[in-house]
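Each remark here refers to the structure printed beneath this line.
Below, chain A is the first sequence line, B the second, and so on; all start at residue 1.
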There are 2 protein chains.
Amino acid sequence: MMDRSCPGTVEPIMEILDSKWMLLLLFELFNGTRRFGELRRKLHPISPKTLTDRLRLLEEKGIVTRTLYPGVPLHVEYELTECGLGLQPIFAAMWTWTQEYGGHLRKDADERQEAKG
Amino acid sequence: MMDRSCPGTVEPIMEILDSKWMLLLLFELFNGTRRFGELRRKLHPISPKTLTDRLRLLEEKGIVTRTLYPGVPLHVEYELTECGLGLQPIFAAMWTWTQEYGGHLRKDADERQEAKG
DNA sequence: CTGTATCCCGTCCGATACTG
DNA sequence: CAGTATCGGACGGGATACAG
């Protein structure tokens, strides 16, 4: 499974996850159905354009459903599909990794130490 | 675990994975120690600047080690640390997701159908 | 062989104003 | 309320030449 074919298997997922706000957006949706304005407030200061872009992408990929409730005022709900909920084990694996190796992520700690000499 | 703290737990990993070439680079290293030129050939047409950037980042994060073998010609080897090898379950989870839900990722299939419609 | 230094371009994203 | 349209800036990454 860790062979040459794996990058091709993994890349489509990365195309979803690696854009700005996408993680926060997904986690928000993991916790239940959300409306557009609700997401906008929670992800503040995301721009409406960007939020729409993200939601449309997730829709395209079959990860969320968009439900329109006609009437005034307009009312739209976004909800994860089974496919979207299925992403959770991936985040669980990331969470586990951080617990295990998170201490290694010092990054600038080293640089500061070097500066001090 | 899927609560509000999780994005913060996951983001540091995404900072590593979400840059161009990083997936291919990691998979190459999963298969063993590699030299700079070797990576450059395998990831062709990556630019040397970008390859260096990626390797430096991985080094900073403690995910790879860089070993210099002095002499002419110069010889450098990159190898995953235990921490780097620990990333594999994450990719395994992604792989599983694609097996399970990969069929949902049609994206442009829908667009084409719409065009025909 | 293993990088670094420069320059440049495309893309992503934010800000803002506007519409059904 | 839930978006769309438009513009512009920042930044990631490519090409290329050069250095240790």
Side-chain angles (χ1 to χ4, degrees), chain A residues 7 11-26 28-29 32-61 64-80 107-108 111 114, chain B residues 7 11-26 28-29 32-61 63-79 107-108 111 114:
Chain A
E11 246 159 338
I13 302 184
M14 293 303 300
E15 284 174 22
I16 298 168
L17 302 183
D18 70 4
S19 47
K20 195 172 176 185
W21 299 109
M22 196 54 104
L23 289 179
L24 287 169
L25 176 54
L26 285 172
E28 197 53 43
L29 290 167
T33 298
R34 293 287 183 270
R35 298 179 54 174
F36 187 87
E38 210 174 348
L39 291 169
R40 196 175 169 182
R41 280 191 301 279
K42 300 274 191 152
L43 302 193
H44 182 271
I46 192 174
S47 73
K49 171 179 170 294
T50 302
L51 180 53
T52 301
D53 288 349
R54 295 299 165 277
L55 288 167
R56 290 288 178 278
L57 177 62
L58 292 178
E59 229 187 316
E60 246 175 29
K61 303 289 185 180
V64 300
T65 57
R66 176 178 182 276
T67 308
L68 172 65
Y69 298 88
V72 177
L74 215 50
H75 177 152
V76 175
E77 288 190 349
Y78 292 92
E79 185 172 20
L80 288 176
K107 194 182 90 174
D108 40 12
E111 295 169 355
E114 189 178 358
Chain B
E11 245 159 339
I13 302 184
M14 292 304 300
E15 284 174 21
I16 298 169
L17 301 183
D18 70 6
S19 47
K20 194 172 177 187
W21 299 108
M22 196 55 105
L23 290 179
L24 287 169
L25 176 54
L26 285 172
E28 197 53 43
L29 290 167
T33 298
R34 293 287 185 271
R35 298 180 53 175
F36 187 87
E38 210 175 348
L39 291 168
R40 196 174 170 184
R41 279 191 301 278
K42 299 275 190 150
L43 302 193
H44 182 270
I46 193 175
S47 72
K49 168 178 172 296
T50 303
L51 180 52
T52 302
D53 288 349
R54 296 298 167 275
L55 288 167
R56 291 288 177 278
L57 177 61
L58 293 179
E59 228 187 316
E60 246 176 30
K61 303 288 185 180
I63 289 172
V64 300
T65 56
R66 176 178 181 275
T67 309
L68 171 66
Y69 297 88
V72 178
L74 214 50
H75 176 154
V76 174
E77 287 189 349
Y78 293 93
E79 185 171 19
K107 195 183 89 173
D108 40 13
E111 296 169 355
E114 186 178 0

Stepwise side-chain contact (heavy atoms from CB on, under 4.5 Å) check, A:Thr50 with A:Lys20:
CA-CA 9 Å; A:Thr50 302; A:Lys20 195 172 176 185; 5.9 Å; no

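- Evaluation of the salt bridge (charged side-chain N to carboxylate O under 4.0 Å, His left out) rule for B:Asp53 yields B:Lys49 as partners, not counting sequence neighbours.
- Taking atom CG of A:Leu55 as the reference point, atom C1' of D:dG3 lies 11 Å away to the nearest angstrom.
- At whole-Å resolution of the value, CZ in A:Arg34 and P in D:dA2 are 13 Å apart.
- One can place CD of B:Glu15 at 15 Å from P of D:dC11, the figure rounded to the nearest angstrom.
- Backbone-only engagement by B:Tyr78 is indicated by non-hydrogen atom pairs under 4.0 Å involving sugar-phosphate atoms exclusively.
- Considering every non-hydrogen atom in both B:Val64 and B:Leu55, the closest pair reads CG2-O, 4.0 Å.
- Across all their heavy atoms, A:Pro45 and A:Trp21 have their closest contact at CD-CH2, 3.7 Å.
- To the nearest angstrom, P of D:dA2 lies 17 Å from CG of A:Asp53.
- What you find for B:Leu57 and B:Ile16 is that their closest heavy atoms are CD2-CA, 4.4 Å.
- Nearest-nucleotide mapping onto DNA chain C: of A:Trp21 and B:Arg56, the residue sitting toward the 5' end is B:Arg56.
- The nucleotide range of DNA chain C contacted by chain A, defined by atoms under 4.0 angstrom from heavy atoms of the protein and reported 5' to 3', is C:dC13 to C:dG20.
- In this structure, CE in A:Met14 is found 5.5 Å from CG in B:Asp18, a value given to the nearest 0.5 Å.
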For every nucleotide of nucleotides 15-20 of chain D, 5' to 3': is a protein heavy atom under 4.0 Å from its base (B), only from its sugar-phosphate (S), or from neither (-)?
BB---B

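- Rounded to whole Å, the distance from CZ on A:Arg35 to C1' on D:dA2 is 9 Å.
- B:Glu59 has a carboxylate O that lies under 4.0 Å from a charged side-chain N of B:Arg56, or vice versa, which qualifies the two as a salt bridge.
- Across all non-hydrogen atoms, the minimal contact from B:Leu74 to B:Arg35 is O-NH2, 3.7 Å.
- The minimum heavy-atom distance linking B:Leu29 with B:Tyr78 is given by the pair CD2-O, 3.7 Å.
- Each of A:Ser19 and B:Phe36 lies near DNA chain C, and the nucleotide nearest B:Phe36 is the one positioned closer to the 5' end.
- Atom OH of A:Tyr69 is separated from atom P of D:dG3 by 13 Å (rounded to the nearest Å).
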